[in-house]
Amino acid sequence: MSYYDTKQALITQLVGASITGITSADIAFENKDFDPGGKSIWLSCYFIPATSEMLGKTPISSNEDRGIFQVSVFVALNNNDYDNAQLQTVDSVLSSFQYNSSTVYNGQKVSILSATVNNGTENESWFKRDISINYLTFSTR
């Protein structure tokens, strides 16, 4: 398993999604400068590996790796649209990471197990709602 290939597969899926009003310039990536000033809606994403299980004891056996790809959707706090644009964006992200779908990067296939959305919280001058996308990938050692 390659953490890099897994993360890139998930990011490529997100960037390639058809999300109204969102381009790659509206997505904050880990360890990269991002200024949300002047934006009414934007995303941030986080790659969170969770478990790695051996599926055999030989050098040619596989590993099963699971984790979470979290996408946070931010809208201006107390705006006139409430959270309508945010929920439409959440719907678009969810449709790009549907159950049993998959994405591939550099030969690393990443399967989507589930996606959940939280109730949202205030975060400085933004209202934030998180989408937790549970993934699974297999790889040879």
Side-chain angles (χ1 to χ4, degrees), residues 1-79 81-141:
M1 197 280 292
S2 164
Y3 285 129
Y4 173 78
D5 290 340
T6 301
K7 179 181 178 182
Q8 289 306 114
L10 294 162
I11 287 174
T12 300
Q13 185 74 11
L14 178 64
V15 171
S18 178
I19 305 171
T20 303
I22 299 290
T23 67
S24 61
D26 300 313
I27 303 173
F29 298 99
E30 292 176 278
N31 199 25
K32 184 172 188 262
D33 287 338
F34 182 81
D35 181 5
K39 298 185 183 301
S40 60
I41 189 167
W42 56 280
L43 310 177
S44 65
C45 60
Y46 309 93
F47 176 69
I48 308 166
T51 63
S52 184
E53 301 290 331
M54 295 188 315
L55 299 178
K57 296 182 179 184
T58 69
I60 60 170
S61 297
S62 298
N63 286 353
E64 174 188 281
D65 298 288
R66 295 173 183 257
I68 299 168
F69 183 60
Q70 183 172 302
V71 178
S72 299
V73 183
F74 293 83
V75 293
L77 189 62
N78 298 320
N79 68 34
D81 190 36
Y82 306 102
D83 61 351
N84 294 334
Q86 183 185 57
L87 291 174
Q88 290 171 338
T89 302
V90 166
D91 288 342
S92 295
V93 172
L94 288 173
S95 70
S96 296
F97 291 93
Q98 293 181 11
Y99 165 74
N100 211 23
S101 64
S102 62
T103 181
V104 178
Y105 184 86
N106 202 25
Q108 184 72 48
K109 181 180 176 183
V110 181
S111 300
I112 306 305
L113 300 176
S114 66
T116 58
V117 181
N118 73 358
N119 61 339
T121 59
E122 293 183 14
N123 188 305
E124 297 179 3
S125 60
W126 301 96
F127 185 71
K128 173 182 120 173
R129 197 175 299 267
D130 300 317
I131 305 164
S132 297
I133 300 158
N134 297 295
Y135 71 83
L136 167 69
T137 186
F138 294 97
S139 59
T140 55
R141 286 183 226 144

Checking side-chain polar atoms at under 3.5 Å, does [X] have a donor or acceptor matched by the opposite partner on [Y]?
X: T6; Y: Y4; answer: no
X: Q13; Y: S96; answer: no
X: S52; Y: D65; answer: yes
X: S92; Y: T89; answer: no

Between I19 and L14, is the side chain to side chain contact (heavy atoms under 4.5 Å, CB included) condition met? List the steps. CA-CA 9 Å; I19 305 171; L14 178 64; 4.2 Å; yes
Minimal non-hydrogen separation, [X] against [Y], with atom names:
X: C45; Y: I11; answer: SG-CG1, 4.5 Å
X: I41; Y: A85; answer: CD1-O, 3.8 Å
X: V110; Y: Y135; answer: CG1-CB, 3.7 Å

What's the spacing between [X] [atom1] and [Y] [atom2] if we round to 0.5 Å?
X: E30; Y: Q70; atom1: CD; atom2: CD; answer: 9.5 Å
X: D83; Y: F127; atom1: CG; atom2: CZ; answer: 5.5 Å
X: Q88; Y: T20; atom1: CD; atom2: OG1; answer: 7.5 Å
X: S101; Y: I112; atom1: OG; atom2: CD1; answer: 5.0 Å
X: F138; Y: Q108; atom1: CZ; atom2: CD; answer: 11.0 Å
X: F74; Y: L43; atom1: CZ; atom2: CG; answer: 9.0 Å

Side chain to side chain, [X] and [Y], heavy atoms closer than 4.5 Å:
X: F29; Y: V15; answer: yes
X: E53; Y: N63; answer: no
X: F69; Y: P49; answer: no
X: L55; Y: S61; answer: no

T116 vs I131, test: side chain to side chain contact (heavy atoms under 4.5 Å, CB included). Steps then yes/no. CA-CA 6 Å; T116 58; I131 305 164; over 6 Å; no
Between V75 and D81, is a side chain to side chain contact (heavy atoms under 4.5 Å, CB included) present by the stated rule, with each step listed? CA-CA 9 Å; V75 293; D81 190 36; over 6 Å; no
Would you call D130 and K128 a salt bridge, using N to O less than 4.0 angstrom?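 Yes, charged N to carboxylate O under 4.0 Å.
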Answer yes or no: is there an ion pair linking E64 with R66, defined by an N-O contact shorter than 4.0 Å?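 Salt bridge: yes.
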Measure the acute angle between the ring planes of W42 and F34, then classify it against the limits of 30° and 60° as parallel, tilted or perpendicular.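 Rings of W42 and F34: tilted, 30 to 60°.
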Look only at the side chain of [X] and the backbone of [Y], and say whether a donor-acceptor pair between them is shorter than 3.5 Å.
X: N123; Y: W126; answer: no
X: R129; Y: L87; answer: no
X: T12; Y: Q8; answer: yes
X: D5; Y: S2; answer: no

F47 and L10: side chain to side chain contact (heavy atoms under 4.5 Å, CB included), yes or no, with the steps? CA-CA 9 Å; F47 176 69; L10 294 162; 4.2 Å; yes
Considering residues, nucleotides and ligands other than K39, do more than 12 of their heavy atoms fall under 6.0 Å from its NZ?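 It does: K39 NZ has more than 12 such atoms within range.
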